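Structure first, then comments.
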Amino acid sequence: MGVQGLWPLLAPSGRRINIESLSLKTLAVDVSIWLVQFIKAMRDDEGKMIRHAHLIGTMRRLAKLMFHRIRPVFVFDGGVPILKRLTVQKRQERRREQEATFRQQAQSILVAQLKKQ
């Protein structure tokens, strides 16, 4: 997600830092990114999402920030920016098409299995 081509634009000014260097500072955190990361990444042994993964992961990261005496300011997305609106619409259309294709394939497989019986 995000703005296409943003990272290459920011790369020249970006640098890695140690978390300790942020001690006693205020850090803006895009919470929506954290929530999506945890929902997608935290899975059980069967690959199913862990219940409340978004809350567990967020609390763990929050605890780490607080351990290092970093004051987080949580930022939540507002409405979709104009630049991103077209991208979001394309994603939604692609998702609808994929769901339709999936349903057709599932139906074809079911029909084939029923004919075998």
Side-chain angles (χ1 to χ4, degrees):
M1 294 185 108
V3 178
Q4 194 77 16
L6 180 62
W7 288 114
L9 179 67
L10 296 176
S13 61
R15 59 184 161 72
R16 291 193 179 269
I17 60 170
N18 290 326
I19 193 167
E20 292 86 8
S21 69
L22 297 173
S23 183
L24 300 177
K25 296 192 173 155
T26 302
L27 179 70
V29 176
D30 182 349
V31 177
S32 62
I33 291 174
W34 281 11
L35 299 175
V36 171
Q37 284 176 341
F38 295 127
I39 288 171
K40 290 186 176 186
M42 294 179 73
R43 303 289 169 161
D44 64 15
D45 293 337
E46 296 175 4
K48 296 177 184 170
M49 185 185 84
I50 295 175
R51 187 171 185 214
H52 304 302
H54 59 299
L55 299 175
I56 295 166
T58 299
M59 294 306 293
R60 285 180 182 168
R61 281 198 185 161
L62 177 59
K64 185 172 185 174
L65 291 176
M66 293 176 72
F67 173 81
H68 289 287
R69 299 180 1 199
I70 299 168
R71 293 181 300 269
V73 173
F74 295 114
V75 179
F76 291 88
D77 286 343
V80 177
I82 294 170
L83 287 173
K84 195 172 175 181
R85 192 167 291 141
L86 183 60
T87 302
V88 170
Q89 288 172 347
K90 287 179 183 177
R91 283 187 192 134
Q92 290 172 344
E93 180 60 31
R94 189 169 51 241
R95 193 174 298 126
R96 280 192 291 270
E97 290 170 2
Q98 289 172 344
E99 287 174 2
T101 301
F102 174 75
R103 279 192 209 98
Q104 289 173 347
Q105 290 173 343
Q107 188 174 15
S108 296
I109 292 170
L110 179 60
V111 168
Q113 290 296 320
L114 291 173
K115 285 182 180 178
K116 287 182 181 180
Q117 294 176 359

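Remember, predicted model here, so these are calculated numbers, not experimental data.
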Rounded distance (nearest 0.5 Å) linking atom CD of Gln92 with atom CZ of Arg95: 6.5 Å
With Glu93, which residues qualify under salt bridge (charged side-chain N to carboxylate O under 4.0 Å, His left out), at least two apart? Arg96
Name all residues meeting the side-chain contact (heavy atoms from CB on, under 4.5 Å) criterion together with Leu27; count only those two or more places apart in sequence or in a different chain, and write none if there are none. Leu22, Val29, Leu65, Ile70
Please tell me whether Trp34 and Ile56 are part of a single hydrophobic cluster in this structure, the criterion being side-chain heavy atoms less than 4.5 Å apart. yes
Leu24 versus Arg71, closest heavy-atom pair with distance: O-NH2, 3.0 Å
Could I get the full list of side-chain contact (heavy atoms from CB on, under 4.5 Å) partners for Ser21, not counting sequence neighbours? Ile17
Can you list, by chain and residue number, the hydrophobic cluster partners of Leu110 when the side-chain cut-off is 4.5 Å? Leu114
Would you mind listing every side chain to side chain donor-acceptor pair (under 3.5 Å) that reaches into residues 103-117, with sequence neighbours excluded? none
For residues 15-43, which residue pairs qualify under salt bridge (charged side-chain N to carboxylate O under 4.0 Å, His left out), counting only residues two or more places apart or in two chains? none
Can you name the residues that form a side-chain contact (heavy atoms from CB on, under 4.5 Å) with Ser23, not counting sequence neighbours? Arg69
Hydrophobic cluster membership, with links at side-chain heavy-atom distances under 4.5 Å among I/L/V/M/F/W/Y: are Leu35 and Met59 in one? yes
Which residues satisfy the side-chain contact (heavy atoms from CB on, under 4.5 Å) test with Phe102, sequence neighbours excluded? none
Following the transitive rule for hydrophobic clusters with a side-chain heavy-atom cut-off under 4.5 Å over Ile, Leu, Val, Met, Phe, Trp and Tyr, establish whether Ile19 and Leu62 coincide in one cluster. yes
Which residues pass the salt bridge (charged side-chain N to carboxylate O under 4.0 Å, His left out) test with Glu46, not counting sequence neighbours? Lys48
As a quick check of understanding, evaluate side chain to side chain contact (heavy atoms under 4.5 Å, CB included) for Phe38 and Thr58, giving each step before the final call. CA-CA 8 Å; Phe38 295 127; Thr58 299; 4.0 Å; yes
Taking only residues two or more places apart in sequence or in another chain, which ones pass side chain to side chain donor-acceptor pair (under 3.5 Å) with Gln37? Arg61
To the nearest 0.5 angstrom, please state how far the CG atom of Leu55 sits from the CE atom of Met42. 10.0 Å
Quick one: hydrophobic cluster around Ile39, which other residues, with the 4.5 Å side-chain cut-off, linked directly or via members? Met49
